[in-house]
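Single-structure report; data block below.
Below, all heavy atoms of this structure are taken into account, side chains as well, without hydrogens, waters or symmetry copies.
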Protein chains: 2
Amino acid sequence: MTGHPLLVTLNEVRQSLSIKDVARIANVSHSTVSRALRDSPLVNPETAARIKKIALESSYRASAVARSLATSKTHTLGVVVATVADPFIAEVISGIEAAARQRGYSVFLANSDGVADRETSVVESFEERRVEGILVLASRVGSSYRTLLEKTSIPIVLINNYKFGDCAYSVDIDNVPASREATRHLIGLGHRRIAYLGDRFGFNSDTERFSGYRQELAAADIAFRPEFVVHGDGTPPGGEAAVQQLMQLPGRPTAVFCYDDMTALGALRGIRAAGLRVPEDVSVVGFDDLLIASYVEPALTTIRQPKEHMGTLATEMILNLLSGEKGEANVKVAGELIVRKSACPPAVP
Amino acid sequence: MTGHPLLVTLNEVRQSLSIKDVARIANVSHSTVSRALRDSPLVNPETAARIKKIALESSYRASAVARSLATSKTHTLGVVVATVADPFIAEVISGIEAAARQRGYSVFLANSDGVADRETSVVESFEERRVEGILVLASRVGSSYRTLLEKTSIPIVLINNYKFGDCAYSVDIDNVPASREATRHLIGLGHRRIAYLGDRFGFNSDTERFSGYRQELAAADIAFRPEFVVHGDGTPPGGEAAVQQLMQLPGRPTAVFCYDDMTALGALRGIRAAGLRVPEDVSVVGFDDLLIASYVEPALTTIRQPKEHMGTLATEMILNLLSGEKGEANVKVAGELIVRKSACPPAVP
DNA sequence: CTGAAAGCGCTTACAG
DNA sequence: CTGAAAGCGCTTACAG
């Protein structure tokens, strides 16, 4: 069959067809076209087939915006992150997008650069776009936008996020046990002088990881030494600077447990800069298991976070919520110790 | 002022207000509300102020979907990538999103996992959502979806993408000169036995980078040796496997120029696995300058791609297009050699 | 099984 | 400066 004349004409116009155009070609009402295209049982199978064929050949694309207005469902989710250019965040997004797409949802992505104002305006724009749910990722933005988040009627789930008191929905890595496991690994190797290289003060995961570290020290009857606690800022340079303080200490630590892999990367450098070797002189353990962790020299022993899975989980949580199912509202996922080459028994126990 | 009674009631319903609700509270027609909120000069300043105040207090959010239907502009862009969880891609996205947001556009993000079918269906869904432009990133999907891309009436710009013949809009790294510069650097260091560790066959950037390598060899009167060309697949394991073949060669190369940093990461490992040192025994140069490149040991000498900038450029290209300005349709950006520690003069020249 | 009608929440000529 | 009306492209009771 060659193109229907009207159809060809319309094609040339290069302007997207509406349901009425299709109806005209098929010689039915646009209601019938709508039904046929949505596989309603209320339409004669032959008519439906004919309509579908026409729609296909004319490459008609139903307008999701018109449909959204009519049904008041956009099948759209909003994701706000500080930056996509963070390997941890990127993997979580990957899990979110896959889960969303699988269930017919599209995702808007916005960067806030960690600026509270921008985060606020992003959420507002998501509200205007009538997203059905919002995922906030690893934001360190504090309570300044707390009210905003509380005011919106769109369900929000926070992933590894800074929390201000209670929050309705969240998925988080279970920091304390993971952190204890990392510390225990070091203790098991024979270390007693173990330092903690944290993040900036006041963030939940830093607090929790630090707490796991202390608990495990206590469990092993190792005295806590305040001078063995230093703080970076979640970046390699931050870790590098902080580890230097540690290395200058008389009776310096033989192992350092780092808040995250980025910090650990900096620690690796800083230790080398101090003329020491990893792991022979000082062992290093990270947290996250970024791709880079296994390509660094020595390959980093670290705690793996199931990043994609966390994204998937959060998305399903919100999607289930939208379809009325209630489930766990604050889920924690387990980390996993990945033993590589950056930690070994201490030379001087 | 305490809340207006009607306003409070509406708030409690927790259902987003419409322009009519605001109109009712303000005692004007919804047309006037619309004008006031869009800063139309056609409305009395005092009335406008009153309306805005009410809108603010009731946290009214205009529906972007209704507006889109009315204006047939969605202020929306679609980005399709193989995967967000690729550091190169993530940085480009970051540039795209920032440029888009700055001009009032939101971006849909979708992963195709490099599967042609998925890429097709993503583009279809973008068409239904009436995105105004589509950015395709670093896709290796071949000509299978060529027709799709040609059929759609939405402007598409390809970034570092596989091309099938001509394409309307694109931004690409200028591979040949960048690749020549990398090769020249190695030659300048005194190397003569320089290998090329490429990507899988048939992709544009591999072809172009390879071509730059050959051109520079020729310019320096160094004979091209086919056995010095091997292929990875753009992943560290691929690079690791490929470099081993090189290292086993009698009269093995003293330097290897890698298609990209991921490949180079693998090469670093493979060279070490062969009992050789980098850079003393063999020099390595990468391409991309991922964050990881500077944290690997030895830090990688590589070609930097201005990733964010490329995203910004592509976005502005498409946005300008939409506002009727014509500009360069196929832009190339320059790479930059970043000298670090993975390349030095050869031990045996 | 099918069509005419109303409605989703906006924008914007048109008339006053 | 303001309002009533039409229209954007769908969906979906309602009537036949």
Side-chain angles (χ1 to χ4, degrees), chain A residues 10 13 15-52 54-55 58-76 104 125 127-132 153, chain B residues 10 13 15-52 54-55 58-76 104 125 127-132 153:
Chain A
L10 286 164
V13 178
Q15 232 249 350
S16 56
L17 310 197
S18 85
I19 202 172
K20 282 186 186 167
D21 299 310
V22 177
R24 202 175 308 132
I25 299 174
N27 236 297
V28 292
S29 73
H30 72 276
S31 323
T32 300
V33 174
S34 175
R35 291 191 191 101
L37 263 22
R38 319 216 73 203
D39 291 312
S40 160
L42 292 182
V43 46
N44 180 306
E46 284 170 19
T47 317
R50 194 162 51 85
I51 291 173
K52 284 183 173 180
I54 290 172
S58 61
S59 52
Y60 163 72
R61 298 265 181 272
S63 163
V65 357
R67 178 180 305 150
S68 293
L69 186 58
T71 60
S72 61
K73 306 222 115 284
T74 55
H75 288 274
T76 263
S125 108
E127 291 180 320
E128 294 194 346
R129 298 220 177 258
R130 299 297 189 257
V131 302
E132 296 177 25
S153 55
Chain B
L10 285 164
V13 177
Q15 233 248 349
S16 54
L17 311 197
S18 84
I19 201 173
K20 283 186 185 167
D21 299 310
V22 178
R24 201 174 309 131
I25 300 174
N27 236 298
V28 293
S29 74
H30 71 276
S31 322
T32 300
V33 174
S34 174
R35 291 194 190 97
L37 263 21
R38 321 216 72 204
D39 292 312
S40 161
L42 292 181
V43 45
N44 180 307
E46 284 170 19
T47 318
R50 192 162 51 84
I51 292 174
K52 284 183 173 183
I54 291 173
S58 61
S59 51
Y60 163 72
R61 297 267 180 272
S63 163
V65 358
R67 177 180 305 151
S68 293
L69 187 59
T71 59
S72 60
K73 307 223 115 284
T74 56
H75 289 273
T76 263
S125 105
E127 290 181 320
E128 295 194 345
R129 299 220 177 259
R130 300 296 189 259
V131 302
E132 296 178 25
S153 53

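Between B:Arg50 and B:Val28, some side-chain heavy-atom pair lies under the 4.5 Å cut-off.
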ask   = Would B:Glu127 and A:Arg61 satisfy salt bridge (charged side-chain N to carboxylate O under 4.0 Å, His left out), going step by step from the backbone distance to the final call?
value = CA-CA 7 Å; B:Glu127 290 181 320; A:Arg61 298 265 181 272; 2.3 Å; yes
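Side-chain contact of B:Ser29 with B:Thr32: a donor-acceptor pair under 3.5 Å is present, judged by distance alone.
If you take CD on B:Glu132 and OG1 on B:Thr76, they are separated by 7.0 Å, rounding to the nearest 0.5 Å.
Between D:dC10 and A:Tyr60, a contact under 4.0 Å exists linking OP1 or OP2 to a side-chain N or O. Within the 4.0 Å cut-off from OP1 or OP2 of C:dT11, not a single side-chain nitrogen or oxygen of B:Thr71 is found. Remark: A:Ser29 is not in phosphate contact with C:dA4, judged by side-chain N or O atoms under 4.0 Å from OP1 or OP2.
Applying the 3.5 Å distance criterion, the base of D:dT2 shares no donor-acceptor pair with the side chain of B:His30.
Under the Watson-Crick or G-U wobble criterion, with both distances below 3.5 Å, C:dA4 has no partner in any strand shown. Base pairing of D:dA13 is not made with any nucleotide, judged by Watson-Crick or G-U wobble geometry with both donor-acceptor distances under 3.5 Å.
Separation of the C1' atoms belonging to C:dT12 and C:dG16 is 16 Å when rounded to the nearest angstrom. Taking the P atom of each, C:dC10 and C:dC14 are spaced 24 Å apart, rounded to whole Å.
Here the side chain of B:Ala70 is nearest to one of D:dG3, C:dA4, C:dG9, namely C:dG9. Here C:dA4 is the nucleotide among C:dC10, D:dG9, C:dA4 with the atom lying nearest to any side-chain atom of A:Ser31.
Using a 4.0 Å heavy-atom cutoff across all strands shown, B:Val65 reaches no nucleic acid atom at all. If you check every strand for non-hydrogen atoms under 4.0 Å, B:Ser18 touches sugar and phosphate atoms only.
Of the residues in residues 35-49 of chain B, those lying under 4.0 Å from DNA chain C by heavy-atom distance are B:Arg35, B:Arg38.
Mapping B:Ser72 and A:Val33 onto DNA chain D by nearest heavy atom places B:Ser72 closer to the 5' end of the strand.
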